[in-house]
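Here the structure is a predicted model, which means the values were calculated and not measured. Reminder, nothing fancy here: chain letters follow the sequence lines and each chain counts from 1.
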Amino acid sequence: MTPDSRPQLWRLARIDFDRVRRRPVLLYPEGAMFINDTGKAILELCNGERTAGEIARKLGERYQSEVLSDVIEYLDGMEQRNLVVDRAAVAP
Amino acid sequence: MTGPRILNQPTTLLAEITYRCPLHCPYCSNPLEMTRAEAELSTSDWKRVFTEARNLGVLQLGLSGGEPLVRKDLEELVAHARSEGMYSTLVTSGLGLTRNRAQSLKEAGIDHVQISFQDSDTQSAEHIAGIRSVKQKRAAAELVRELDLAFSVNVVLHRQNLDHLNDIIEMAAAMGADRLELANTQYYGWALKNRAALLPTREQVEASKAVAEAALKKYRGKMQILYVLPDYYETYPKACYGGWGNVYILVTPDGRALPCHGATQIPSLSFVNVREQPLDWIWQHSPIFNAFRGDSWMKEPCRTCSRKNLDFSGCRCQAFALTGDATNPDPVCTLTPLRSIIDEALELNGSRPEYVYRYIEKDAVAEQAAP
């Protein structure tokens with residue numbers, strides 16, 4: 001991922017709240033991944049149109065700090081797991 | 001293992017809501033003896049089971065069968081699962097998925113629809129399924145795409161269709177699948193009876209590996225492809241269901257709670273029905289769920305093996321089916337002398353003439369016994 005990537009949450013994945021474990025969770029076929037509030041905030045902005053740079057800017061304003069490298073690193077990890085796709089790199 | 005055991009929370013419930021099915025696949029994972037419709041759990045039973053599973057920590061719900069669409073209360077069950085916060089997958093043959101039903105399932109909150117296909121070749125597919133079904137399956141797939149539901153194609157692989165792997169992958173892509181599960185036949189129950197006709201050759205397995213790897217690259221980011229080698233050709237056994245009683249619960253149409261599909265075939269195990277006990281008691285205390293937890297039941301070389309926390313000594317049902325003792329190591333493992341059982345099956349397989357194909361019929365069992 002780069003600042004120009006347009007990350008999109010895999011369309012089979014859905015963010016939910018696990019009331020048993022009391023934490024946000026990403027659900028997808030035959031899997032579940034527990035995420036923290038920051039991860040949830042990032043993923044909620046991944047609509048395939050916003051760039052990673054724009055996502056980082058939005059979150060930076062919210063947290064009052066520079067978060068671009070953290071956002072890229074997080075999205076790289078999610079892309080590795082095939083849970084986020086870079087719309088800028090994949091033809092429709 | 002010593003001291004009190006800290007149990008995992010289960011993550012997955014497979015609800016086999018009926019055994020009724022229009023298909024007759026010779027590798028079916030359902031037991032040889034099936035339950036009559038009138039013995040099936042009621043709507044309220046299933047809803048209670050889903051809630052109990054959710055309270056235990058279950059997040060994934062598979063609605064399976066048989067063909068789950070034969071149950072008229074499927075939509076109600078889906079809506080209940082959604083309200084409980086579970087991710088629900090409809091595991092269907094596609095037969096019976098009319099526009100009305102697909103629409104109402106979507107409204108009820110189904111997350112994901114998985115349709116089984118038997119082959120890319122229509123004639124072969126219908127031969128395997130034992131019924132004309134391809135047209136209806138394709139129509140179902142089109143509906144699922146049209147309604148923009150998350151869509152997986154599942155194909156069970158074996159000797160008859162493995163050479164078509166490339167066509168199978170292209171078929172799934174052309175249908176617009178988000179995900180393709182390529183599952184190799186597991187040899188228990190029906191499939192073990194038909195093993196001689198289903199087990200692929202080593203050449204087929206090698207060729208399919210290359211095809212799958214190329215497709216994985218080609219479709220990265222477009223269609224997720226899951227491909228696992230048949231375990232007979234592996235060096236170590238699979239961590240069956242993530243370990244016995246570790247993450248997975250299966251409930252049969254008549255309400256028996258099981259750690260896996262094959263458990264009904266191990267005669268030393270006694271079953272507890274969800275009509276008699278709540279699921280959390282079954283998970284924590286039932287003899288069946290505790291039968292193969294930890295390592296005190298394991299034999300050597302497993303008990304002192306460093307891999308025991310990776311594969312948990314493999315599949316109990318496979319160990320039982322092939323050796324008669326469920327506590328034996330899974331014969332797939334090359335670290336046990338029992339491996340010779342698998343190697344013999346593979347050798348025999350290499351020398352098998354083509355005509356075994358014709359045994360994939362309803363009366364395969366009887367015919368195979370003949371010389």
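- Q277(B) CD: more than 12 foreign heavy atoms inside a 6.0 Å radius.
- Interface remark: L61(B) contributes no atoms to any contact with chain A (heavy atom separation under 4.5 Å).
- Contact annotation for R179(B): only side-chain heavy atoms (C-beta onward) come within less than 4.5 Å of a heavy atom of chain A.
- Annotation for K40(A): atom NZ does not count as buried by contact number, only 12 or fewer foreign heavy atoms lying within 6.0 Å.
- For V25(A), the part sitting under 4.5 Å from any heavy atom of chain B is the side chain, from C-beta outward, and nothing else.
- Interface residue D111(B): only side-chain heavy atoms are found under 4.5 Å from chain A.
- Here the shortest heavy-atom pairing between F34(A) and L59(B) reads CZ-CD1, 3.9 Å.
- Residue K58(A) qualifies as open at atom NZ: its count of foreign heavy atoms under 6.0 Å is 12 or below.
- Of the listed residues L27(A), D86(A), V85(A), the one with more heavy-atom pairs under 4.5 angstrom with chain B than any other is L27(A).
- Side-chain N or O atoms of Q60(B) include one that pairs as donor or acceptor with a backbone N or O of Y28(A) at under 3.5 Å.
- Heavy atoms of Q9(B) lying under 4.5 Å from chain A belong to its backbone as well as its side chain.
- Using a 4.5 Å heavy-atom cutoff, the side chains of Y87(B) and L26(A) are not in contact.
- Residue N55(B) comes nearest to V20(A) through the heavy atom pair O-CG1, 3.7 Å, listed as atom of the first residue, atom of the second, then distance.
- Of the listed residues (E79(A), R19(A), R21(A)), the greatest number of heavy-atom pairs within a distance under 4.5 Å of chain B belongs to R21(A).
- No side-chain heavy atom of T11(B) sits under 4.5 Å from any side-chain heavy atom of E30(A).
- For R11(A) (side chain) and L149(B) (main-chain N/O), a donor-acceptor pair under 3.5 Å exists by modelled atom type.
- R82(B) and D16(A) are not joined by a salt bridge, as no carboxylate oxygen comes within less than 4.0 angstrom of a charged side-chain nitrogen.
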